[in-house]
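For ligands, and for the atoms within them, numbers begin at 1 and follow the listed sequence.
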Amino acid sequence: MNMPFRSASLYSKMFERRTVLIAGGAGFLGSHLCERLLRSGCQVICLDDFSTGRMENLRHLLRFDTFSFIRHDIVNSIDLPIDEIYNLACPASPVHYQADPVQTMKTCVFGSLNLLELAVRHQARIFQASTSEIYGDPHVHPQPEGYWGNVNSFGPRSCYDEGKRSAETLFHDFHTRHGVDIRIARIFNTYGPRMRPDDGRVVSNFIVQALKGQPITVYGDGSQTRSFCYVDDLIEGFTRLMSDSVTLNVPVNLGNPVEFSVRELAEQVIALTRSPSKIVYKPLPIDDPRQRRPDITTAKQELGWEPSIALAEGLEATVAYFERQLVRPNSELVEVV
Ligand code: NAD
Ligand code: UDP
């Protein structure tokens with residue numbers, strides 16, 4: 001059932017604010033984006049089915065008159081008076097997107113289709129949160145946007161990888177056929193405060209395990225690599241990509257190009273938390289990509305964007321967040337904005 005919300009058009013008419021719809025706004029990245037756009041004076045409507053998103057990610061935003069949220073599954077169409085759309089709605093952790101793979105595929109495909117149709121109806125610019133998973137288990141390093149990838153269409157990661165690829169195709173076709181102003185960010189592993197303790201992704205898993213003194217679960221031998229971007233850097237990239245001064249209607253990599261092995265990450269987390277935890281090695285999941293690093297030349301040249309927060313600094317802030325979460329799970333309630 002949809003939640004009541006304040007009239008967006010009323011505010012935008014009174015103050016000539018941009019009304020921005022953020023699908024997936026109650027999630028990790030979405031809640032940071034809501035906050036960022038509210039601070040910059042936008043009217044923000046968060047649309048979320050709360051499948052992996054959480055109310056505590058939003059509670060500190062309820063004091064903004066310009067903020068509202070609607071409980072809605074984007075697999076079903078919706079009409080709202082909006083000027084811009086960000087589509088972040090989709091579980092991002094392998095644990096969560098594999099829990100209901102058909103729903104993941106429906107969210108990527110039907111959800112994107114519904115939001116693109118909404119964009120056509122209101123002549124709205126629309127942003128798609130795409131992913132480095134577009135490249136699958138890549139054979140080219142680092143990965144430039146022109147690389148087509150190495151993706152398995154028939155495995156446990158396929159619902160997400162192929163769903164996101166199909167979404168990019170829909171965005172391309174709505175741009176060429178209907179002239180929709182599309183923006184596509186291919187996001188590489190991003191971490192930070194407001195990840196769920198049970199998110200299942202590597203950074204949150206390692207930090208929570210270290211803080212609880214539990215074994216750190218490295219999958220495989222830990223030699224596989226990822227490039228970890230801190231959330232604030234990424235959100236800056238989103239807003240630059242969506243700005244009026246940019247006209248990039250093609251996918252753009254956003255991520256931190258500094259590459260770490262999973263074992264190095266485990267060692268950094270143990271050192272930072274001064275944890276007594278020991279590393280234990282577990283089986284490597286099927287189709288786990290061996291190596292991943294973004295080529296961010298396009299973002300640098302076209303957006304003047306590159307990450308500024310090193311892993312050690314970002315981990316420190318993330319550890320502090322999880323420390324608060326583990327002591328007091330609703331600590332976002334007292335966050336001051
Ligand atoms: P998240 O799971 O915290 O957030 C996803 C949000 O979407 C949640 O609030 C969830 O409740 C909502 N949602 C899921 N399905 C929905 C549906 N059918 N209808 C409405 N809402 C729905 O994940 P995140 O890390 O914040 O990722 C946000 C977006 O960025 C996702 O689209 C993800 O694919 C993309 N992305 C994230 C990363 C990353 O490293 N964080 C990397 C690549 C891509
Ligand atoms: N990983 C790990 N231990 C964990 C969770 C993940 O070793 O507890 C590994 C996983 O196998 C992958 C990497 O960390 O090689 C990143 O996993 P994550 O789920 O964060 O994202 P992915 O990039 O695989 O989508």
Problem - Region of Arg201 that comes within reach of ligand 2 [heavy atoms, distance under 4.0 Å] - result: both
Practice task
Please write down residue, atom name and distance for the protein heavy atom closest to atom 1 (N) of ligand 2.
Solution key: Tyr219 CD1, 3.4 Å
Practice task
Identify, by atom number and element, the atoms of ligand 2 in contact range of Gln224, meaning under 4.0 Å from any of its heavy atoms.
Solution key: 9 (C), 11 (O), 15 (O)
Fill in the blank from the handout: Looking only at protein heavy atoms, what sits closest to atom 11 (O) of ligand 1 is Asp48 OD1, 2.6 Å
Handout entry: Enumerated ligand 1 atoms positioned under 4.0 Å from heavy atoms of Gln103
Key = 18 (N)
Practice task
Taking only heavy atoms of Gly24 into account, list the atoms of ligand 1 that are under 4.0 Å away from them.
Solution key: 6 (C), 7 (O), 9 (O), 12 (C)
Practice task
Would you mind listing which atoms of ligand 2 come within a distance below 4.0 Å of any non-hydrogen atom of Val218?
Solution key: 7 (O)
Handout entry: Modelled atom types, side-chain donor and acceptor of Ser277 and Gln209, under 3.5 Å
Key = no
Completion exercise
In ligand 1, the atoms that come under 4.0 Å of a heavy atom of Ala129 are 29 (C), 30 (O), 32 (O), 35 (C)
Fill in the blank from the handout: protein heavy-atom neighbour closest to atom 8 (C) of ligand 1 works out as Thr52 OG1, 3.2 Å
Handout entry: Heavy atom of the protein closest to atom 31 (C) of ligand 1 (residue, atom name, distance)
Key = Leu88 O, 3.2 Å
Handout entry: Contact check, Cys229 vs ligand 1, heavy-atom distance below 4.0 Å
Key = no
Practice task
Mark yes or no for whether Asn114, through its side chain, and Val75, through its backbone, hold a donor-acceptor pair below 3.5 Å.
Solution key: yes
Handout entry: Sub-4.0 Å atoms of ligand 2 with respect to non-hydrogen atoms of Asn205
Key = 4 (C), 5 (C), 8 (O)
Problem - Contact partition for Asp288 relative to ligand 2, non-hydrogen atoms under 4.0 Å - result: side chain
Handout entry: Protein contact of atom 3 (O) of ligand 1 - nearest heavy atom, named by residue and atom, plus distance
Key = Phe28 N, 2.9 Å
Exercise for the section: Could you say whether the N/O atoms of Gly30 and ligand 1 ever approach to under 3.5 Å? Expected result: no
Exercise for the section: Kindly say whether Tyr219 contributes a backbone atom to a donor-acceptor pair with the side chain of Gln224 at under 3.5 angstrom? Expected result: yes
Handout entry: Per-atom contacts of ligand 2 with Pro94, taking only distances under 4.0 Å to non-hydrogen atoms
Key = 19 (O), 25 (O)
Fill in the blank from the handout: Per-atom filter on ligand 1: closer than 4.0 angstrom to a heavy atom of Arg201 are 23 (O), 24 (P), 25 (O), 39 (C), 40 (O), 41 (N)
Problem - Plane angle bin for Phe67 and Phe69 - parallel if under 30°, tilted between 30 and 60°, otherwise perpendicular - result: tilted
Exercise for the section: Determine whether the side chain, the backbone, both or neither of Val202 has a heavy atom under 4.0 Å from any heavy atom of ligand 2. Expected result: both
Handout entry: Where ligand 1 meets Tyr160 - atom numbers and elements under 4.0 angstrom, heavy-atom basis
Key = 33 (C), 34 (O), 36 (N), 43 (C), 44 (C)
Exercise for the section: Would you confirm whether Arg263, through its side chain, and Val218, through its main-chain N or O, come within 3.5 Å as a donor-acceptor pair? Expected result: no
Exercise for the section: Measure the acute angle between the ring planes of Phe188 and Tyr135, then classify it against the limits of 30° and 60° as parallel, tilted or perpendicular. Expected result: tilted
Problem - Protein contact of atom 37 (C) of ligand 1 - nearest heavy atom, named by residue and atom, plus distance - result: Leu29 CD1, 3.7 Å
Practice task
Examine the side chains of Asp233 and Ser308 and answer whether a donor and an acceptor come within less than 3.5 Å of each other.
Solution key: yes
Handout entry: Ser51 near ligand 1 by a heavy-atom separation under 4.0 Å
Key = yes
Fill in the blank from the handout: Quick look: Ser93 vs ligand 2, heavy-atom contacts under 4.0 Å, and the answer is neither
Exercise for the section: Could you find the nearest protein heavy atom to atom 13 (C) of ligand 2 and give me its residue, atom name and distance? Expected result: Val262 CG2, 3.8 Å
Exercise for the section: Look only at interatomic distance and state if Gly53 has a nitrogen or oxygen under 3.5 Å from any nitrogen or oxygen of ligand 1. Expected result: yes
Handout entry: ligand 1 atoms in contact with Phe50 (distance to a heavy atom under 4.0 Å)
Key = 11 (O)
Exercise for the section: Could you tell me whether some N/O pair between Ser130 and ligand 1 is separated by less than 3.5 angstrom? Expected result: no
Handout entry: ligand 2 atoms in contact with Pro285 (distance to a heavy atom under 4.0 Å)
Key = 11 (O)
Fill in the blank from the handout: Judged by heavy atoms only, the candidate from Cys90, Ala23, Ala185 nearest atom 5 (C) of ligand 1 is Cys90
Handout entry: Interfacing atoms of ligand 1 (cut-off 4.0 Å, heavy-atom, Lys164)
Key = 31 (C), 32 (O), 33 (C), 34 (O)
Practice task
Determine, step by step, whether Val202 and Phe228 satisfy the side-chain contact (heavy atoms from CB on, under 4.5 Å) criterion, reporting the C-alpha distance in whole Å, the side-chain angles of both residues, the deciding distance to 0.1 Å, and the verdict.
Solution key: CA-CA 10 Å; Val202 68; Phe228 301 102; 3.7 Å; yes
Problem - Exam field: side chain Asp137 to backbone Arg290, donor-acceptor pair closer than 3.5 Å - result: yes
Exercise for the section: Report yes or no: do Gln143 and His141 form a side-chain donor-acceptor pair below 3.5 Å? Expected result: yes
Handout entry: Closest protein heavy atom (residue, atom, distance) for atom 17 (C) of ligand 1
Key = Asp49 OD2, 3.3 Å
Exercise for the section: List every atom of ligand 1 that sits less than 4.0 Å from any heavy atom of Asn189, numbering the atoms from 1 in the order shown and giving each element. Expected result: 40 (O)
Exercise for the section: Report yes if some N/O of Gly25 lies less than 3.5 Å from some N/O of ligand 1; otherwise report no. Expected result: no
Problem - Contact check, Ala26 vs ligand 1, heavy-atom distance below 4.0 Å - result: yes
Exercise for the section: Ignoring hydrogens and angles, state whether a donor on the side chain of Arg165 or Ser130 is under 3.5 Å from an acceptor on the partner side chain. Expected result: no
Problem - Which segment of Gln209 sits under 4.0 Å of ligand 2 when only heavy atoms are counted - result: neither
Handout entry: Under 4.0 Å to a heavy atom of Asn189 - the qualifying atoms of ligand 2, by number
Key = 21 (O), 22 (P), 23 (O)
Problem - SB check Lys164 Glu168 (cutoff 4.0 Å) - result: no
Problem - Greater than 12 external heavy atoms within 6.0 Å of Phe110's CZ - result: no
Problem - contact_flag His72 ligand 1 heavy-atom lt 4.0 Å - result: yes
Exercise for the section: Around atom 22 (P) of ligand 2, find the nearest protein heavy atom and jot down its residue, atom name and distance. Expected result: Arg157 NH2, 3.5 Å
Problem - Close approach, Glu133 and ligand 2, non-hydrogen under 4.0 angstrom - result: yes
Problem - Protein heavy atom at shortest distance from atom 4 (O) of ligand 1 - result: Gly27 CA, 3.5 Å
Practice task
Considering heavy atoms of the protein only, find what lies nearest to atom 16 (C) of ligand 2 and give residue, atom and distance to 0.1 Å.
Solution key: Arg226 NE, 3.6 Å
Problem - Close N or O approach (Asn87, ligand 1; < 3.5 Å) - result: no
Handout entry: Option of least heavy-atom distance to atom 27 (O) of ligand 1 (set: Gly255, Gly163, Ser31, Ala92)
Key = Ala92
Practice task
With heavy atoms of Thr217 as the reference, note each atom of ligand 2 found under 4.0 Å away.
Solution key: 2 (C), 3 (N), 4 (C), 7 (O), 8 (O)
Fill in the blank from the handout: atom 43 (C) of ligand 1 sits nearest the protein heavy atom Ile187 O, 3.2 Å
Problem - Proximity of Val203 to ligand 2 by residue part, where a heavy atom lies under 4.0 Å - result: neither
